[in-house]
Enquirer: 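Okay, here's the structure, questions in a sec.
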Amino acid sequence: MNIYIQAASQISTQEPLNEKWFDTPSYPDKILNESIDPDFKAYIPVMIARRMGNLLKRGIVTSVDALNKCSLNGDNLQAVITGTGLGCIENTEHFLNAVLDNEESCLQPTFFIQSTHNTISSQIALFIKCHGYNTTYSHRGTSFDSCLLDAFVQMKLGLISNALVGGHDEMTPSYFTLLQKVGYWKNTPLTDENFHAADTRGSISGNASLSMVMANMKVPYSLCQMRTVEMLYAPTMQEIKAKIDCMLEANGMKLADVDAVVMGLSGDKDNDNVYKNIMSEVTRDIPVMCYKHIFGESFCASAYGVYTAATAIAKKRVPSHLLYSSRKEILNPRNILVFNHFHNIDHSLILLSCPD
Amino acid sequence: MEELILELKKEIIEVLNLDGMTPEEIDENAALFGDGLGLDSIDALELIVLMEKNYGIKLANAAEGRDIFRSVATMAKYVSEHRTK
């Protein structure tokens, strides 16, 4: 049984709900970069939206947009699977600040109700009236990858035929400040120089809200085929190499068949060195694609890695601004490997191919 | 009382996040729940918190709340009679 990504929709630092970023990206000029939000009222009735924080609204709008692209709704959707590193952290902060300010009394219920991690997945399901499987994964930098694996395995087992998967995270000023104190962010916005430099720490922050529809049936608008999703815990270089070889062999492919490898390069030396080791030891001459220089870093940033690869396959090219080292555009990419890691502990490998 | 009614309307708009609504659009005699403003049970909890936080009124009896939260006018009457701050 083959599995396909049918549609995707994003709200991020780029223009929302479209793929203009693919040809004409805007480059984040701050360290803490806000999302560009669409007019939520066009998608969510005011009386329903009034209790929702921005992350929840983004999650619902990208979900509805992705489902609309493939004519799915709550009745025929079988699963809502959401990844989030921090959940609705803005509401969590509201609630916890109120606990302190009001000495643990007079606490507003709305902030409490919507401060949990699984609020997003459940509110999406409530909004679209989907009574199917509903789960949230909160595994820091591999939260979205865990969603993909869940949907992929369930489809392979024939338990579900389609799924809405999403990666949703927001960065609040206070959480940004906490991460800044432990060197998570750069002191200056990202430039071509400090992105590629081998000795600088930190990256730039973005917000992530990406929804995609997966299904076991190829349709004319399928973006790509998802061949394999693998996750590894604290692997050695040899184990990563063996896993890649194994993945490719299972799909009748060799490393030379991979047209590009998407990596979560962020400008942070500790993060990037892991990828650079993979480049030198495993993928070698295969062109490397990057995406965090336009979408920023967040716990669900890896969703944009998959989205970038899927979009490149669908559009049949990889523009030069998405290439890390080479600047030569790639035409007709057929197979793209997405490689993501979080602190060199949790790793994921996702192989995408042209859907024919 | 006029002043208190206006104050309550502003607080209700803020605490319930009634985006785009103005105090003038809320009829102080219209029902807050059901057909009127269309509030629900979570809003009722928010209003209970509002009463305690802003006016020092603790509502312990749920049946009593039904009469108090009938409209902005009934809320204002109760607040004016029972407020401790």
Side-chain angles (χ1 to χ4, degrees), chain A residues 11 35 37-61 64 87-116 118-120 122-127 129 170 172, chain B residues 4 7-27 30-62 64-66 68-69 71-72 75-76 78-79 82-85:
Chain A
I11 296 175
S35 276
D37 291 325
D39 179 14
F40 291 126
K41 288 178 192 165
Y43 297 86
I44 311 171
V46 172
M47 283 301 274
I48 295 175
R50 69 195 171 91
R51 286 206 190 102
M52 296 175 177
N54 282 330
L55 182 67
L56 205 45
K57 291 178 194 169
R58 289 175 198 138
I60 286 177
V61 170
V64 169
C88 296
I89 186 77
E90 189 181 13
N91 279 355
T92 308
E93 287 180 355
H94 268 297
F95 180 73
L96 293 177
N97 284 333
V99 169
L100 291 173
D101 295 343
N102 303 333
E103 295 176 343
E104 299 183 22
S105 65
C106 298
L107 303 175
Q108 285 183 258
T110 301
F111 292 134
F112 172 66
I113 293 165
Q114 305 208 341
S115 65
T116 57
N118 60 0
T119 299
I120 307 165
S122 54
Q123 287 290 331
I124 290 169
L126 284 170
F127 189 80
K129 296 184 172 57
E170 63 188 341
T172 60
Chain B
L4 180 58
E7 185 180 301
L8 275 170
K9 286 180 179 178
K10 286 179 182 170
E11 287 168 347
I12 288 170
I13 288 169
E14 187 194 340
V15 80
L16 302 184
N17 198 17
L18 300 171
D19 201 19
M21 190 171 267
T22 62
E24 294 73 35
E25 289 174 291
I26 300 176
D27 178 352
L32 286 172
F33 297 87
D35 292 338
L37 203 53
L39 305 184
D40 59 23
S41 57
I42 296 173
D43 294 318
L45 289 171
E46 294 283 6
L47 293 181
I48 289 168
V49 172
L50 183 156
M51 295 277 267
E52 184 175 349
K53 193 174 168 186
N54 295 2
Y55 302 103
I57 298 171
K58 279 193 175 184
L59 296 174
N61 186 349
E64 196 184 25
R66 200 169 297 155
I68 298 165
F69 294 128
S71 67
V72 175
M75 271 182 79
Y78 192 86
V79 167
H82 297 85
R83 67 188 301 170
T84 58
K85 61 179 180 183

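Predicted model only: the values in this text are computed from it and were never measured.
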Enquirer: Could you tell me which residues satisfy ring pair (Phe, Tyr, Trp, His ring centres under 6.0 Å) with A/F40, sequence neighbours excluded, listed by chain and number?
Expert: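 Expected list: none.
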Enquirer: Flag yes if more than 12 heavy atoms outside B/D35 fall under 6.0 Å of its CG atom; otherwise flag no.
Expert: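 No, not enclosed.
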Enquirer: What do you reckon, is CZ of B/R83 surrounded by more than 12 foreign heavy atoms closer than 6.0 Å?
Expert: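 More than 12 within 6.0 Å, yes.
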Enquirer: Go through the atoms of B/L47 and report whether side chain, backbone, both or neither lie under 4.5 Å from a heavy atom of chain A.
Expert: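 Looking at B/L47, nothing touches chain A.
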Enquirer: Closer than 3.5 angstrom, by distance alone: can the side chain of B/E46 be matched with the main-chain N or O of A/T110 as a donor-acceptor pair?
Expert: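 Between the backbone of A/T110 and the side chain of B/E46 there is a qualifying donor-acceptor contact (under 3.5 Å).
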Enquirer: More than 12 heavy atoms of other residues, nucleotides or ligands under 6.0 Å from NZ of B/K85: is that the case?
Expert: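 More than 12 heavy atoms, drawn from other residues, nucleotides or ligands, come within 6.0 Å of this atom.
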Enquirer: What part of A/L107 gets within 4.5 angstrom of chain B, counting heavy atoms only: side chain, backbone, both, or neither?
Expert: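 It is the backbone, since no side chain atom gets that close.
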Enquirer: Quick check: do A/R51 and B/D40 have side-chain heavy atoms less than 4.5 Å from each other?
Expert: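 Yes, their side chains come closer than 4.5 Å.
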Enquirer: Output the distance between atom CG (B/N17) and atom CE (A/M52), rounded to the nearest 0.5 Å.
Expert: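 Here the rounded value is 11.5 Å.
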Enquirer: With a 4.5 Å heavy-atom cut-off (strictly below), which parts of residues 48-59 of chain B touch chain A? List them by number.
Expert: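 Near chain A, by residue number: B/V49, B/E52, B/K53.
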Enquirer: Please report the closest heavy-atom contact between A/R50 and B/D43, naming both atoms and the distance.
Expert: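 Nearest heavy atoms, A/R50 then B/D43: NH2-OD2, 2.7 Å.
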